[in-house]
Amino acid sequence: MTHAISKVLSPNDTGETGAHQAGILVPKDSEILGFFPTLPADVKNPRMHLYFRDDEGAQWEFAFIYYNNRFFGGTRNEYRLTRMTPYINGNGLKAGDELILERHPGGARTVTFRRSRAPVVEEGVLRLGSGWKIVAA
DNA sequence: AGCCATGCACCG
DNA sequence: CGGTGCATGGCT
């Protein structure tokens, strides 16, 4: 039961917009969240480091964080996968490219990507949906 | 809901 | 001092 999900990168995800944080937003969809370990909701901003292996066998460390300060006086309530700068830059990923995450039987996680064709541009602005897909459950 | 942006801390 | 990541708020 390999569980695979993917996301089409946004400009902000890759750092192209100047945001000094490369990382992607994870939708609160049970199928997607099910891919990641469960983070405690009673703690503020719980995080967990995850290791992913790429095609060459190299290991990458990403951080899965639940920014939930909404329940602690703030305004946030969202999940993010950060610390992806080395992987993004190392592979020269750009907006529109697809990041693929897989969890294999036994618990091993792997990352891959698929280079994209031209992203959808409308009125000079990039319009994307959430970009997330469930490849296999 | 999802993407964009930023002040500040930390580190080489 | 420049790059990176944290945490947080803003905009659409």
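Small disclaimer: the values here were computed from a predicted structure and weren't measured. Below, chains carry the letters A, B, ... as their sequence lines are ordered, and counting in each starts from 1.
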> Any side-chain heavy atom of Phe64(A) within less than 4.5 Å of one from Leu81(A)?
Replying inline: yes
> So, is Thr85(A) close to the dT4(C) phosphate, meaning a side-chain N or O under 4.0 Å from OP1 or OP2?
Replying inline: no
>> Please confirm whether the shortest side-chain N or O distance from Arg83(A) to OP1 or OP2 of dT4(C) is below 4.0 Å.
In response: no
> What's the CG-P distance between Asn45(A) and dG9(C), to the nearest Å?
Replying inline: 10 Å
>> Side-chain N or O of Arg76(A) versus OP1/OP2 of dG10(C): is the shortest distance under 4.0 Å?
In response: no
> Taking atom types as modelled and ignoring hydrogens, do the side chains of Glu98(A) and Ser6(A) form a donor-acceptor contact shorter than 3.5 angstrom?
Replying inline: yes
> To the nearest angstrom, how far is Tyr67(A) atom OH from dG10(C) atom P?
Replying inline: 17 Å
> At under 4.0 Å, does any side-chain N or O of Asn69(A) touch on OP1 or OP2 of dG9(C)?
Replying inline: yes
> Under 4.0 Å: is that the gap between some side-chain N or O of Ser10(A) and OP1 or OP2 of dC4(B)?
Replying inline: yes
> Got Tyr66(A) and Asn77(A) here, is their nearest side-chain heavy-atom distance under 4.5 Å?
Replying inline: yes
>> From the set dG5(C), dC6(C), dA5(B), return the single nucleotide nearest to any side-chain atom of Thr82(A).
In response: dC6(C)
> What is the distance from CZ of Phe62(A) to P of dC6(C), rounded to the nearest Å?
Replying inline: 13 Å
> Please give, in whole Å, the distance from dG9(C) P to Asn12(A) CG?
Replying inline: 17 Å
>> Output the rounded distance in Å from NE2 (His20(A)) to P (dG9(C)).
In response: 15 Å
> According to a strict under-4.0 Å criterion, is Lys7(A) in side-chain N/O contact with OP1 or OP2 of dC3(B)?
Replying inline: yes
> To the nearest 0.5 Å, how far apart are CG in Asn91(A) and CG in Asp54(A)?
Replying inline: 7.0 Å
>> Expressed as a whole number of angstroms, how long is the span from Asn89(A):CG to dG5(C):P?
In response: 9 Å
>> Classify Arg80(A) by what it touches in the nucleic acid, base, sugar-phosphate, or nothing, heavy-atom distance under 4.0 Å.
In response: base
